[in-house]
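Below you'll find the structure, written out as structure tokens, and then a few comments.
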Amino acid sequence: MKISIKSENIKKIKADMVVVGIFEGQSKLSGKAAELDPALGGLIKRLVSKKELTGKTGSSAVLHTSGKIASDHVLVIGLGKSEELDLDRIRMAASTAIKNAKKIKARSLVYSLDGQAAADLSPFDICRAMVEASVLQEHEFAGYKSENEDDTTSLEELVIIENNSKRIPALRAEAARAQTVAGAVNKAKDLVSAPSNRLTPMDFASTARKVAAGSRLSFSLLRAKDIRQKGMGALWAIAKGSSEEPCVVVLKYKSAGRRRSAPIALIGKGITFDSGGISLKPSKKMDEMKTDMAGAAAVLYAMEAIAKLKADKDVIAVIPLCENMPGGRALKPGDVVTSMSGKTMEIISTDAEGRMILADAITYAKKLGAGKMIDIATLTGACVVALGDLASGILGNNQMMIDDLITAAERSGERLWQLPLYKEYREYLKSGIADIKNCSDLGKAGTSSGATFLKEFVEDTPWAHIDIAGTAYLDRTVRHYRKGASGAGVFTVANYILGR
Ligand code: BES
Ligand code: ZN
Ligand code: ZN
């Protein structure tokens, strides 16, 4: 999709659909709706006075222009009360616009920026929200059906009208950045949607190799023998129950500047299928455990966006990948495993596998010289219970990092909610025979105790943990997100590193 910012007259621009917003409870039209309406013979005003158009959030109507203006259709979107307009409503409006454009098979679509003058939102923020939500909504997972059901025409061009020409260059830069990051989010979604037989750990590594080759990233791979040689006993303990070879993808991004500081490490949980292992999961919805590598996908494509947008910080990614399967060689409850750090773990549940592979990845990232670490993982069902599909959990040992990550997330419509990491949670993991239990048997504070396990391996390095168990894969449409994989975490870490 080509995205352009232009100064144009909304009546004269030729497109399949132009979009205008109206506010709830305003009999007088404003912005582009007011500019357009006389040419349409006062149709919008008439519909408003007859209450066929209410301006309520979520409401919209497609009007045929019958040649009265250059474009074929006008989509009128309700933006709610003008004083309540915020970026979330802009995102919702953009996704409504894209859905309607798809319905009429539009190839070109026009938005405008000055219609929202009522609220004190920055045009750059509005532009970013419009582009990001549109790119997300436009994308559909191709799937594997042997015949294409409907011939979906894709949207080719999105024009955003801005009549203040002084702002256009900066808006273009904002839109281009937004399109790059949102494009990376869509690629992460596709990887998360891929089933485990079509995306094994080694398949993920091949994809990562291609991503690295296409951007300024160096790629290296630890294979099964390297994992064993390096003593990554926790990762190996999970991987050995599967016949798929495990691996660790390492990506490095070097900024152009000469001033070097210790790199930030991004670590993503890459369980390509989580059956639970010997602590087998119930079969209901077990298919969704193909998405247990969503953290890995988020890290991979955040790295792509970071490289493409030339971040000014050095970043490394450590992505441990394996399947968690039951079998004759599988890890068993009660086993004691020695991790790469030398710390021993008593296995209470083989389904608490994510934290184990992350533990070795964290130790490895420290060996690679990480100055700060961020891990992203579909780690705990407890996080889904606590926050549902509306926010990811964030925990860590550095409040500044946590605050900055929350801000970075909100900038692009992601939500992070901090949960506590009280030192006393460590008592939940006290083992009689090893340094730590891999999970608590108390059934309390699952997300905090999972993060407490990770903290044991992080030690003093500034660190934040993002639990995307509830947000990575959506079983319904949520806000401006489509049903299915969401790409959770990509915007957050990309914005954080790019310092936007
Ligand atoms: N991958 C799951 C967590 C998960 C649950 C992700 C639901 C997405 C949706 C993780 O490996 C897991 O099984 N966690 C266990 C930990 C428990 C055994 C301490 C859980 O949350 O039940
Ligand atoms: Zn599990
Ligand atoms: Zn898991």
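One-based numbering, in listed order, for ligands and for the atoms of each.
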For ligand 1, indicate whether the residue [X] contacts it via side chain, backbone, both or neither (heavy-atom separation under 4.0 Å).
X	answer
Ile271	neither
Met293	neither
Lys437	neither
Asp274	side chain
Lys281	side chain

Selected option - heavy-atom contact closest to [atom], from [options]:
atom	options	result
atom 6 (C) of ligand 1	Gly450, Ala469, Ser279, Ser449	Ala469
atom 10 (C) of ligand 1	Ile348, Leu379, Ile238	Leu379
atom 16 (C) of ligand 1	Glu288, Arg355, Met356	Arg355
atom 12 (C) of ligand 1	Thr471, Asp441, Asp351	Asp351

(request) With the Zn ion (ligand 3) as the reference point, give the N/O/S atom of Asp274 that is nearest. (result) OD2

(message) For a quick check under 3.5 Å, do Asp203 and Ser206 share a side-chain donor-acceptor pair by atom type?
(response) no

(request) Indicate whether any N or O donor in one side chain lies under 3.5 Å from an N or O acceptor in the other, for Asn495 and Ser412. (result) yes

(message) With a cut-off of 2.8 Å, does Asp292 put an N/O/S atom close enough to the Zn ion (ligand 2)?
(response) no

(message) Apply side chain to side chain donor-acceptor pair (under 3.5 Å) to residues Ser215 and Glu304 and explain how you reach the verdict.
(response) CA-CA 6 Å; Ser215 38; Glu304 184 191 54; 5.2 Å; no

(request) Output the atom name for the N/O/S atom of Glu353 with the smallest distance to the Zn ion (ligand 2). (result) OE1

(request) Spell out, as yes or no, whether a donor-acceptor pair under 3.5 Å connects the side chain of Asn324 to the backbone of Glu353. (result) no

(message) Both conditions, 6.0 Å and 45 degrees, for the charged tip of Arg198 above the ring of Tyr144: are they met here?
(response) yes

